[in-house]
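Inspection log for the structure reproduced underneath, given as structure tokens.
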Amino acid sequence: MFAAERRQLILEMVRANGAVSLRELARVVQTSEVTVRRDVRALEAEGLLDRRHGGAVLPGGFTRESGFPQKSHLATAEKTAIADLAANLVEEGEAIVVGAGTTTQELARRLARVPGLTVVTNSLLVAQALAHANRVEVVMTGGTLRGSNYALVGSGAEQSLHGLRVSRAFLSGSGLTAERGLSTSNMLSASVDRALVQAAAEVVVLADHTKLGTDTMFQTVPTDLITRLVTDEPPAHDDRAATELQALADQGVQIAVAGGQGGSSAGGGGPGGDSVPARQQRRDVPLPGPRRQVPGGGGGLRSASMLGEQSPGAERARVADLRRR
């Protein structure tokens, strides 16, 4: 086991139990207490845990990462609308990478209808959603299975991505801020996500409004590498999310806002109370020029002017209006 993998496992044990003895850590990671003590010292230096006599404890302010069952029940309507909108960006015959997450899993279910698509992923859930899709090729990375989110991580996953080049990457995470970009609470997941980003000409982040303004431990995609954010419209009272949207737009991130479903988020319904499909509710923040172009232009993201035909000033006024509400 590599040092990074060993230390990530130590972190996960501490988060799951609150406090773990050095003896128990050494038994689980199958190494000596001397090595574990060195790992714990290194993790404490990074502020990720606190050492105690004979063990390690969770530091104040950090919470354990939610597992897949908990995440799958959060903001489900918003994730569905985001996935519907993001799927519109994928073209027939394209090659893309899709990272792990409940939102990207929703996206994968919709990508099954895109013929000639090649999807590279480290997520078992994404692969499962596409397993029986007609004319969709699925390429999985290697790596070690991380059971909490059904993703392949570690050096094997990262090495399998070396030399890969695709048109765009679709990623989600635990938090998104204009200052640090996309982040996650898991070190190994962050490392694989960074490798996915390196393989793509453009980066599309899928994040519902609950993640806007949230900053977690490990940065995966800095703001200047994010081409587009696909999100849902924040509730009227959520000033933090609206402020973060404006800050991201100011830094050149193209923003596509999906309308809410039912009463879960702003966006309204159609006549008679029926929800308007996300495809009809798409609103893009048009910014000056694309951030990263696909060579040849054929597989690149369509510019915001092509999608929305709105002026930058008009969209900034819309985001400002969200903040006032």
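Hydrophobic clustering places Val139 together with Val166 (ILVMFWY residues linked when any side-chain heavy atoms are closer than 4.5 Å, directly or through intermediates). When hydrophobic clusters are built by joining Ile, Leu, Val, Met, Phe, Trp and Tyr residues whose side-chain heavy atoms come closer than 4.5 Å, directly or via intermediates, Leu145 is grouped together with Val138.
The nearest pair of heavy atoms linking Ala157 to Leu152 is CB-O, 3.7 Å. Shown here for Leu130 and Ala108, the closest heavy-atom pair between the two residues is CD2-O, 3.2 Å. Closest approach of Leu125 and Asn149 over heavy atoms only: CD1-O, 4.4 Å. Between Pro234 and His209 the shortest heavy-atom distance is CA-CB, 4.0 Å. When every heavy atom of Thr214 is checked against every heavy atom of Ser183, the shortest pair comes out as O-OG, 4.4 Å. Closest of all the heavy-atom pairs between Leu107 and Ala83 is N-CB, 3.6 Å.
In this structure the side chain of Leu111 reaches within 4.5 angstrom of the side chain of Val98, judged on heavy atoms. Contact annotation: the side chain of Val119 never approaches that of Val97 to less than 4.5 Å [non-hydrogen atoms, C-beta and beyond]. In this structure, the side chains of Met13 and Val28 come closer than 4.5 Å at one or more pairs of heavy atoms. Proximity of Val120 to Leu161: side-chain heavy atoms (C-beta onward) are separated by under 4.5 Å at one or more points. For the pair Thr220/Leu171, no side-chain contact is recorded, criterion being any heavy-atom separation below 4.5 Å from C-beta on. Using a 4.5 Å heavy-atom cutoff, the side chains of Leu49 and Val40 are in contact. No side-chain heavy atom of Val230 sits under 4.5 Å from any side-chain heavy atom of Val257. No side-chain heavy atom of Thr141 sits under 4.5 Å from any side-chain heavy atom of Val192.
Listed for the Glu33 side chain is no donor-acceptor partner under 3.5 Å among the backbone atoms of Ala26. Judged by distance alone, the side chain of Asp208 and the main-chain N or O of Lys79 form no donor-acceptor pair under 3.5 Å. Using modelled atom types, one side-chain atom of Arg168 and one backbone atom of Leu89 make a donor-acceptor pair closer than 3.5 Å. Within the 3.5 Å criterion, the main-chain N or O of Asn186 finds no donor-acceptor partner in the side chain of Ser189. For Arg109 (side chain) and Val126 (main-chain N/O), no donor-acceptor pair under 3.5 Å exists by modelled atom type. For the pair Thr243 (side chain) and Asp239 (backbone), a donor-acceptor distance under 3.5 Å is present. The main-chain N or O of Gly175 is never found under 3.5 Å from a side-chain atom of Arg180 such that the two would form a donor-acceptor pair. Judged by distance alone, with hydrogens and angles left aside, the side-chain atoms of Glu92 form no donor-acceptor pair with the main-chain N or O of Gly116 at under 3.5 Å. Thr227 contributes a side-chain N or O that, together with a main-chain N or O of Val203, makes up a donor-acceptor pair within less than 3.5 Å. With hydrogens and angles ignored, the 3.5 Å screen pairs no side-chain donor or acceptor of Ser185 with any backbone N or O of Met217.
Donor-acceptor pairing under 3.5 Å is lacking for the side chains of Ser174 and Lys211. Counted by atom type alone, Glu94 and Ser167 present one or more donor-acceptor pairs between their side chains at under 3.5 Å.
To the nearest 0.5 Å, atom CZ of residue Arg7 and atom CG of residue Asp39 are 4.5 Å apart. Here the straight-line distance linking atom CG of Leu212 with atom CG of Leu248 works out to 7.0 Å at 0.5 Å rounding. Considering CD1 of Ile96 and CZ of Phe170, their distance stands at 5.0 Å, rounded to 0.5 Å. Distance check: Asp232 CG to Ile82 CD1 gives 4.5 Å after rounding to the nearest 0.5 Å. For the atom pair Arg194 CZ and Phe218 CZ, the distance stands at 8.5 Å (nearest 0.5 Å). Distance check: Asn122 CG to Thr144 OG1 gives 11.5 Å after rounding to the nearest 0.5 Å.
For the side chain to side chain donor-acceptor pair (under 3.5 Å) test, no residue two or more places apart in sequence or in another chain qualifies with Thr177. Judged as a side chain to side chain donor-acceptor pair (under 3.5 Å), and not counting sequence neighbours, the contacts of Glu24 are Arg27.
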Open item on the list: With side-chain contact (heavy atoms from CB on, under 4.5 Å) as the criterion, how do Val136 and Thr118 come out once you've worked through the C-alpha distance, each side chain's angles and the decisive distance to 0.1 Å?
Closed with: CA-CA 6 Å; Val136 175; Thr118 300; over 6 Å; no
- [ ] Verify side-chain contact (heavy atoms from CB on, under 4.5 Å) between Arg6 and Thr31, making sure each step is shown before the conclusion.
- [x] CA-CA 9 Å; Arg6 190 174 63 242; Thr31 188; 3.9 Å; yes
- [ ] Report the C-alpha separation of Leu206 and Thr231 in whole Å, then their side-chain angles, then the decisive distance to 0.1 Å, and conclude whether the side-chain contact (heavy atoms from CB on, under 4.5 Å) test is met.
- [x] CA-CA 6 Å; Leu206 312 181; Thr231 187; over 6 Å; no
Open item on the list: For Glu106 and Arg110: C-alpha separation, side-chain torsions, deciding distance, then whether salt bridge (charged side-chain N to carboxylate O under 4.0 Å, His left out) applies.
Closed with: CA-CA 7 Å; Glu106 287 296 323; Arg110 287 144 182 84; 3.1 Å; yes
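Partner of Val153 under the side-chain contact (heavy atoms from CB on, under 4.5 Å) criterion, chosen from Glu5, Gln8, Met187, Arg146: Arg146. The side-chain contact (heavy atoms from CB on, under 4.5 Å) with Ile226 is formed by just one residue from the set Val197, Val204, Val253, Ile255; it is Val253.
A salt bridge links Glu44 with Arg51: the distance from a Lys NZ or Arg NE/NH1/NH2 to an Asp or Glu carboxylate oxygen falls below 4.0 Å.
Listed by first and then second residue, the side chain to side chain donor-acceptor pair (under 3.5 Å) pairs that reach into residues 153-164 are Glu158-Ser191, sequence neighbours excluded.
In this structure, Arg23 places its CZ atom where only 12 or fewer heavy-atom neighbours from other residues, nucleotides or ligands lie under 6.0 Å away.
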